[in-house]
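Worksheet for the structure shown next.
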Amino acid sequence: MFVLSKLFWLLAQPLSLAFVLGVSALLAGLFRLARVQGLAGGLGCLVLFVTLYTTAGPVALQVLEARFPKPSQDPANPACVIVLGGAFDTDVTTTRGGIELNQAADRFVEALRLARAFPGMKILVSGGDGSLSGQREGDAVVSRRFFESFGIGADRLIEEAASRNTFENIRNSKSLLEQAGLRDCLLITSAFHMPRAMGLMRKAGLAVTAWPTDYRTSGTQALRLDFTQPTLNAQQTSTALREWLGLLGYYFGGRISALFPAP
């Protein structure tokens with residue numbers, strides 16, 4: 001299932017889909033299939049236009065980010081925080097070492113802030129090698145270097161380094177939490193990813209407090225044409241589509257109980 005989901009996304013992401021439709025149009029032209037050529041070419045152009053020159057993707061991402069609002073103040077004394085991986089560029093760190101953060105860096109910046117504010121709090125980092133090659137170090141491994149460089153001792157860390165996707169993050173974290181006797185943790189992940197993560201937590205019977213971070217939209221986006229930032233529009237459309245497809249797949253696969261989990 002893991003490999004199939006990876007291969008599916010290689011084709012389903014917007015720019016790949018537009019490319020496949022363009023190639024299909026060319027092949028249809030070679031075989032004189034005018035209707036197929038026109039349909040494939042038209043759909044490919046439509047996908048490109050919506051992806052690059054509208055705010056459809058940012059709006060879809062914004063809906064995800066708004067689902068679980070962040071609490072207005074810190075909890076009194078949290079026993080633990082769960083940080084879902086995906087914030088380190090493990091392709092780079094595997095070969096160069098060190099710490100290289102990507103766009104989701106806020107996940108670990110927020111975890112570090114909480115760790116310094118609450119010295120007794122445990123930190124469970126869930127994230128293994130999610131690549132198809134299986135040759136990268138995971139976020140859990142890099143996180144030890146990250147936290148120790150800021151004076152957070154290894155005795156406060158619980159590393160879950162085997163998971164490759166969100167489903168495995170939650171499944172593997174559950175057993176570690178039970179072994180450590182930890183409950184009522186904060187869950188840190190990107191705001192757009194929180195609905196799926198919370199749905200899995202509930203399905204697993206884990207009570208956690210959603211602690212979203214890494215917002216990618218302003219929260220004030222409206223559906224419109226936008227010719228000023230096609231690269232950003234494409235990136236946010238891809239992120240939103242992947243997450244919505246993940247929700248659909250997990251719901252119909254029985255991994256979450258609600259299609260769009262709510263607070």
Side-chain angles (χ1 to χ4, degrees), residues 1-3 5-6 78-194 196-198 200-201 204 206 208-214 242-243 246 255:
M1 183 63 71
F2 169 76
V3 174
S5 66
K6 288 287 188 180
C80 62
V81 61
I82 303 165
V83 190
L84 300 189
F88 295 107
D89 190 336
T90 54
D91 191 28
V92 175
T93 62
T94 300
T95 56
R96 295 182 181 274
I99 302 166
E100 296 294 333
L101 291 158
N102 59 30
Q103 193 172 2
D106 284 356
R107 299 186 190 187
F108 282 87
V109 172
E110 180 65 6
L112 176 62
R113 184 188 72 81
L114 290 168
R116 293 171 71 89
F118 303 102
M121 186 186 75
K122 295 287 188 179
I123 308 162
L124 190 159
V125 179
S126 178
D129 181 6
S131 69
L132 283 174
S133 68
Q135 297 178 350
R136 298 178 187 172
E137 61 180 2
D139 278 48
V141 174
V142 187
S143 70
R144 178 182 288 264
R145 299 198 292 269
F146 173 81
F147 285 113
E148 287 185 341
S149 68
F150 289 97
I152 307 299
D155 59 309
R156 297 180 61 187
L157 303 180
I158 302 173
E159 299 172 21
E160 188 287 293
S163 58
R164 301 169 297 175
N165 55 30
T166 308
F167 174 72
E168 293 179 2
N169 283 150
I170 307 308
R171 182 192 64 191
N172 297 347
S173 295
K174 180 180 180 179
S175 61
L176 291 176
L177 290 171
E178 291 173 345
Q179 291 170 23
L182 296 172
R183 61 185 64 190
D184 299 323
C185 301
L186 307 181
L187 174 64
I188 295 180
T189 189
S190 300
F192 65 83
H193 187 235
M194 189 60 76
R196 186 154 55 111
M198 286 298 292
L200 287 166
M201 282 288 182
L206 292 172
V208 296
T209 299
W211 205 264
T213 186
D214 179 33
R242 182 173 187 174
E243 199 56 38
R255 291 182 169 181

Inset, instruction - Report yes if the side chains of Glu100 and Phe88 come closer than 4.5 Å at any heavy-atom pair, otherwise no. - result: no
Inset, instruction - Describe, in one word, how the ring planes of Phe147 and Phe108 are oriented to each other, choosing from parallel (under 30°), tilted (30 to 60°) and perpendicular (over 60°). - result: tilted
Inset, instruction - State, yes or no, whether a side-chain contact exists between Leu101 and Phe146 at a heavy-atom distance under 4.5 Å. - result: yes
Inset, instruction - Please round to the nearest 0.5 Å and tell me the distance separating atom CG of Asp106 and atom CG of Asp214. - result: 5.5 Å
Legend entry - Within 6.0 Å of CZ in Arg242, more than 12 heavy atoms from elsewhere: no
Legend entry - Ile188 side chain reached by Leu84 side chain, heavy atoms, under 4.5 Å: no
Inset, instruction - Test salt bridge (Lys or Arg N to Asp or Glu O under 4.0 Å) on Arg136 and Asp91 and set out the steps. - result: CA-CA 6 Å; Arg136 298 178 187 172; Asp91 191 28; 3.8 Å; yes
Inset, instruction - Let me see the working for Thr90 and Asp139 under side chain to side chain contact (heavy atoms under 4.5 Å, CB included), right down to the final yes or no. - result: CA-CA 7 Å; Thr90 54; Asp139 278 48; 3.6 Å; yes
Hey, can you pull the donor-acceptor pairs under 3.5 Å for the side chains in residues 174-187, sequence neighbours left out?
unit_1	atom_1	unit_2	atom_2	d
Lys174	NZ	Ala204	O	2.8
Ser175	OG	Asn172	O	2.9

Legend entry - Any side-chain heavy-atom pair of Arg164 and Asp129 under 4.5 Å: no
Inset, instruction - Working to the nearest 0.5 Å, report the span between CE of Met194 and CD of Glu243. - result: 11.0 Å
Legend entry - Separation between CZ of Phe150 and CZ of Arg113, rounded to the nearest 0.5 Å: 14.5 Å
Legend entry - Under 3.5 Å side-chain donor-acceptor pair for Glu160 and Ser126: yes
Inset, instruction - Side-chain contact test, heavy atoms from C-beta onward, threshold under 4.5 Å: evaluate it for Ile82 versus Val208 and give yes or no. - result: yes
Legend entry - Distance in Å, Ser143 OG paired with Leu112 CG, rounded so as to fall on 0.5 Å steps: 11.5 Å
Inset, instruction - Would you name the heavy atoms of Ile99 and Ser149 that are closest together and state the gap between them? - result: CD1-OG, 4.0 Å
Inset, instruction - Would you give the length of the straight line joining atom CD1 of Ile170 to atom CE of Met198, rounded to the nearest 0.5 angstrom? - result: 9.5 Å
Legend entry - Results of side-chain hydrogen bond (donor to acceptor under 3.5 Å, both in side chains) for Arg145 - residues two or more places apart only: Glu137
Legend entry - Closest non-hydrogen atom pair between Thr166 and Ala197, with its separation: CG2-CA, 4.4 Å
Inset, instruction - First locate atom CG of Asn169, then atom CE of Met201, and finally report the distance between them rounded to the nearest 0.5 Å. - result: 8.5 Å
Legend entry - Test item: Arg107 side-chain N/O and Gly85 main-chain N/O as donor-acceptor pair under 3.5 Å: yes
Inset, instruction - Could you tell me which non-hydrogen atom of Ala104 sits nearest to which non-hydrogen atom of Ala87, and how far apart they are? - result: O-CB, 3.3 Å
Inset, instruction - Would you indicate whether the side-chain heavy atoms of Ile123 and Ile152 approach each other to under 4.5 Å? - result: yes
